[in-house]
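Comments concern the structure below.
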2 protein chains.
Amino acid sequence: MELNNQTLLNELYGEHPQHYVAVDCVIFGYKDGDLKLLLYPRSFEPSKGNWSLLGGFIQKDESSDQAAERILKRTTGLDEIYMDQVAAFSKPDRETAARVISIAYYALIRLDDHDEEIVHQYGADWFSIKDKPDLIFDHDEIVSKALAKLQQKAGYQLIGPELLPEMFTLTQLRGLYEAIFLRSMDPGNFRKKVLSLGVLKRHNKKDSTESKKGAFYYSYDENAEMPDKEIGRIIKV
Amino acid sequence: MELNNQTLLNELYGEHPQHYVAVDCVIFGYKDGDLKLLLYPRSFEPSKGNWSLLGGFIQKDESSDQAAERILKRTTGLDEIYMDQVAAFSKPDRETAARVISIAYYALIRLDDHDEEIVHQYGADWFSIKDKPDLIFDHDEIVSKALAKLQQKAGYQLIGPELLPEMFTLTQLRGLYEAIFLRSMDPGNFRKKVLSLGVLKRHNKKDSTESKKGAFYYSYDENAEMPDKEIGRIIKV
DNA sequence: TCAAAAGTGTTGTAATTACACCCATGT
DNA sequence: ACATGGGTGTAATTACAACACTTTTGA
């Protein structure tokens, strides 16, 4: 704030209303072939106890990005998580008790890393995206927009490091993509397409938990590409 | 507001700050082979007189969509304009005088329809996207995100009705696409690709203003497809 | 007549798809 | 021994890009 004249400030802005602005987080995780969603039972009225997204209010001196990070950190203990803005939701009656404008985010987290205790401490739980309960307010709409945005991102950039363990097999990666796009993909074609991107590094270790033959582990090749380089379409959308 | 107990409401929300929430509109138009941007000289301090996007504050009982429509209508006289949300911009210091969270939109308008008087009445003017002045605050960033979003939309859906007159030639449509994507496209290939979508209807009238031979007019074929059907990639992104 | 846009056709290459098929091994 | 996923190869199809060529007509 550079202006030192409060009167002028009021003159300029005072006639306009102010609003509560919240962030709501669609937290995606991946496990057992299913894209999961972390949901919370709302802790206060109205709609207390019903499932909802993780949310919180934007404070005086933080951006919505910072607010989303803060809320995610405080509630799940997780730090340095990939997040992306979905959109702002602003219908005047979208919440029932007061007018709240919400800026929605989606986050991608690795279920392994994850501290189960701190999740359950709030009564939160993971739900398959295919089998989630109805959510409060307009949170169902937020989830579908978030999923659409995730699909779009995954279609142009390899998502995997964000949702899988450090090292993963190509079958695990395909499982993730099948979960995100809610359809099956040809194993051979998927493998070739993904490897052709040249961003994965093969390790010598093999994973034997999912197949008898064992599959090579892969991880991101750090020195392959600059991080935000366009790597082309991965799956046809 | 369903809650009749103000005390409870304060208890729930009172501890959280409220914010000014504005909408900023990136208004795209198309003329003479160039994608244009409608800019306004800011009418009050700070940064008075510098070029900025059209903006305004969200009122008590309107959504951001409604606010964007209202502001566009009031300032340009235009109604029923295609608009799409870009994103929310929320850095605490993005404006200098007070903290304002902005929800950005882009709008597509036909320059023909357009009432010149009401535009100039505010000192507004059209600028080519390739040659626009620097804007105040973070408006340059908003413009580039809006353009990216427009490009993405145009890559998957035929934009034309929104930015061109009711009837248009395929060369005009190509000119629009070249302006949006800031590169030239092969006339023959563009024509074939667009016609293969099966959403355009050819008229018998010809346009002779742009070529000696004359080119057939086309328009959207209303009963061709349901409006939100996926019509596939139009240009390679 | 000739430049310039309209419109059609052809051709080589790349991407996508749908498979077939062999490999390795835990049960 | 065999079912299961791992991994490679191939062939048909489709999409794309480049560009040649023909048509039309105002200047």
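Proteins get letters first, then strands, A, B, ... in listed order; numbering begins at 1 in each. Note that these values count all heavy atoms, side chains included, but never hydrogens, waters or copies made by symmetry.
Among pairs with a residue in residues 162-174 of chain B, those fulfilling salt bridge (charged side-chain N to carboxylate O under 4.0 Å, His left out) read B:Arg174-B:Glu178, at least two apart in sequence or across chains. The salt bridge (charged side-chain N to carboxylate O under 4.0 Å, His left out) pairs that include a residue from residues 26-40 of chain B are B:Asp34-B:Lys130, where partners are two or more places apart or lie in different chains.
Of all nucleotides listed (C:dC23, C:dA6, C:dG7), C:dA6 comes nearest to the side chain of B:Ser211. Out of C:dC23, D:dA18, C:dA5, the shortest distance to the side chain of B:Thr171 is found at C:dA5. Nearest nucleotide to the side chain of B:Lys212, out of D:dG6, D:dT25, C:dA6: D:dT25. The side chain of A:Ala215 approaches D:dG7 more closely than any other nucleotide in the set D:dG7, D:dC19, C:dA6. Here the nucleotide nearest the side chain of B:Asn189, chosen from D:dA18, C:dC23, D:dC16, is D:dA18.
Between the CZ atom of A:Phe216 and the P atom of C:dA24 there is a distance of 11 Å, rounded to whole Å. As rounded to whole Å, 13 Å separates atom C1' of C:dT8 from atom CG of B:Leu170. In this structure, CE of A:Met185 is placed 18 Å from C1' of C:dC19, rounded to the nearest angstrom. As a whole-Å value, the separation of B:Leu197 CG from D:dA15 C1' is 13 Å. In this structure, A:Arg202 atom CZ and D:dG7 atom P are separated by 8 Å, rounded to whole Å. Atom OH in B:Tyr217 sits about 14 Å away from atom C1' in C:dA6, given to the nearest Å. In this structure, A:Phe190 places its CZ atom 13 Å from P of C:dT16, rounding to the nearest Å.
At a cut-off of 3.5 angstrom, the base of D:dT23 holds at least one donor-acceptor pair with the side chain of B:Lys213. Side-chain N/O atoms of A:Lys192 and base N/O atoms of D:dG9 include a donor-acceptor pair closer than 3.5 Å.
Using a 4.0 Å cut-off, no side-chain N or O of B:Arg191 falls inside it from OP1 or OP2 of C:dA6. The side chain of B:Lys193 places an N or O atom within less than 4.0 Å of a non-bridging phosphate oxygen (OP1 or OP2) of D:dC16.
Nearest-nucleotide positions on DNA chain C for B:Pro187 and B:Glu210 put B:Glu210 closer to the 5' end.
Note on A:Arg191 versus A:Asp186: no salt bridge recorded, every NZ/NE/NH1/NH2 to OD/OE distance being 4.0 Å or above.
When atom types are taken as modelled, the side chain of A:His139 and the backbone of A:Val143 share no donor-acceptor pair closer than 3.5 angstrom.
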When you look at B:Asp65 and A:Lys91, which way does the salt bridge (charged side-chain N to carboxylate O under 4.0 Å, His left out) test go after all the steps?
CA-CA 8 Å; B:Asp65 292 35; A:Lys91 288 201 189 80; over 6 Å; no
